[in-house]
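In this text the structure is predicted, and so the values were computed from the model without any measurement. First the proteins, then the strands, lettered A, B, ... as listed; each starts at 1.
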Protein chains: 2
Amino acid sequence: MRKDGNAQVKPYHHGDLSRALVEAGRRILEAEGPEALSLRAVAREAGVSPAAPYHHFKDKRELLEAVAQQGWTALEVAIRESKAKGKEPRKAIVEVGLAYVLFAQRNPKLYRLMYDLARSRTDMPQAKGGAGAYHQVQCALIDAGEDLAEPFNLQLSTIACWAAGHGLAELAGFKQFDHIKAAMGGEEAFLRGVLEHIQVYGRQLTPAT
Amino acid sequence: MRKDGNAQVKPYHHGDLSRALVEAGRRILEAEGPEALSLRAVAREAGVSPAAPYHHFKDKRELLEAVAQQGWTALEVAIRESKAKGKEPRKAIVEVGLAYVLFAQRNPKLYRLMYDLARSRTDMPQAKGGAGAYHQVQCALIDAGEDLAEPFNLQLSTIACWAAGHGLAELAGFKQFDHIKAAMGGEEAFLRGVLEHIQVYGRQLTPAT
DNA sequence: GGGTTATCTAAACAGCGTCCACATAAGGAC
DNA sequence: GTCCTTATGTGGACGCTGTTTAGATAACCC
């Protein structure tokens, strides 16, 4: 950001390339899709040579991880905010699930990137700025725990909760559900309806196996 | 498959290339992972030039779809067989869910390919040799329908069922659950445990919203 | 046998991730 | 200020990819 006379001269050093690359990655992902998200395209968008990113990320992968990390953080924020909406703990669980799925619906490509990277790491990341999105779900369950029938296993329930939300997040985008959404008066109503039917498995169906 | 004297001469025409390519694709996917699954590698494995597949598939994508289709068919078979195991309709639902998740656990890369393609088509495929895996789940729910509390929506329940199974299938591979699996005495016990906790959302938690 | 059609090859194209040698500039020691 | 070190950029190359084109080969049908 230096001026030479009155002509703006692009400085040899970018100044904040690392951040610029991550933001360029996010723009390309949302605007042109994951198949267009190449290292070279990111460098191009940042106005820099194809080799420059290697001074900030050891890999293409490492850059994508940085993009995905923004997503995990944003997801945790969305979940945390949703808890305020459901005053009763029991309703809060549904609100958390809804917030989770809506996040995935509104950032579908980012959400996909997050899980693509997590899967090939065989490890679920937690958002760094807090105890993590997973923990947020667990807390919501603890709050409602007294209302859940015994035998109740907190860990298994948290996993069940997360699995149901994640599964719905991936399924809800399929267009064969479009007419159901329309019949129910919108996407949010549809999502809420499915979430409220997620007891389909469950102990009352298999008492004392 | 023709002999010239005693030396085996590779014939100019393969004879059954289309099938050979799909099988080569499946081998490479399982053995070397999705990132190694290139059109050129498939052609190489089939002993054919990189351009040959284009006489049988218009795209790399179309070849992968053929591989994935085998997966959808196999999944439907697995679900159908699992229904026989649960004699009571109520237990059958859990058995179906378990069969679904176990299929994903045993063919993780194939399962991923199936959904990767489905998502970019924004459409869920049904296995062709029957009414489809989705339909199988729906039937299991119809059988158990009388045992499910009102108000009951079959379509929403089927989606809920599928979502829960799919979500668990993706989550269960994460290694942070390894110690829970060990504590529960194996993967199948773990999966069953989660499935039986999937009532976490559900109408009894949000009566008459 | 001769013409049509299906199938395969060889060679080329642009784009990709990555690495190398080298250029440029910023920062600290004196 | 000058000198040296270190961080950050460029340009060019490598081998890989998906895909297209022109031409070779063989099967099939009249």
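Using a distance-only test at 3.5 Å, with no hydrogens or angles considered, no donor-acceptor pair links the side chain of Asn107(B) to the main chain of Leu110(B). Without hydrogens or angle criteria, Ser157(B) side chain to Leu154(B) main chain gives no donor-acceptor distance under 3.5 Å. A distance-only check finds no donor-acceptor pair linking the side chain of Glu65(B) to the backbone of Leu117(B) [under 3.5 Å].
Put simply, CG on Asp16(A) is 16 Å from C1' on dA26(C), counting in whole angstrom units. Counting to the nearest Å, the P atom of dA26(D) and the CG atom of Leu17(B) are 16 Å from each other. If you measure from atom CG of Leu63(B) to atom C1' of dT19(D), you get 14 Å, rounded to the nearest angstrom. When rounded to the nearest whole Å, the span between CG of Leu39(B) and P of dG18(D) equals 5 Å. Between the P atom of dC16(D) and the CD1 atom of Ile28(B) lies a distance of 15 Å, rounded to the nearest Å.
Residues of residues 54-62 of chain A having a heavy atom closer than 4.0 Å to DNA chain D, listed by number: His55(A), His56(A).
Aromatic ring pairs are classed by plane angle as parallel below 30°, tilted from 30° to 60° and perpendicular above 60°; the pair Phe103(A) and Tyr111(A) is perpendicular. In this structure, Trp162(B) and Tyr100(B) have perpendicular ring planes: the angle between them is above 60°, well past the 30° mark.
With sequence neighbours left out, Lys175(A) forms a side-chain contact (heavy atoms from CB on, under 4.5 Å) with Asp178(A), Thr122(B), Asp123(B).
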I'd like a list of close polar pairs between nucleotides 10-15 of chain C and the protein, N/O only, cut-off under 3.5 Å.
none

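Side-chain atoms of Leu141(B) and Cys161(B), non-hydrogen and from C-beta on, do get closer than 4.5 Å to each other.
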Point to revise | Ile159(A) vs Ile180(B), side-chain contact (heavy atoms from CB on, under 4.5 Å): CA-CA, chis, key distance, verdict | key: CA-CA 11 Å; Ile159(A) 297 171; Ile180(B) 311 182; 4.0 Å; yes
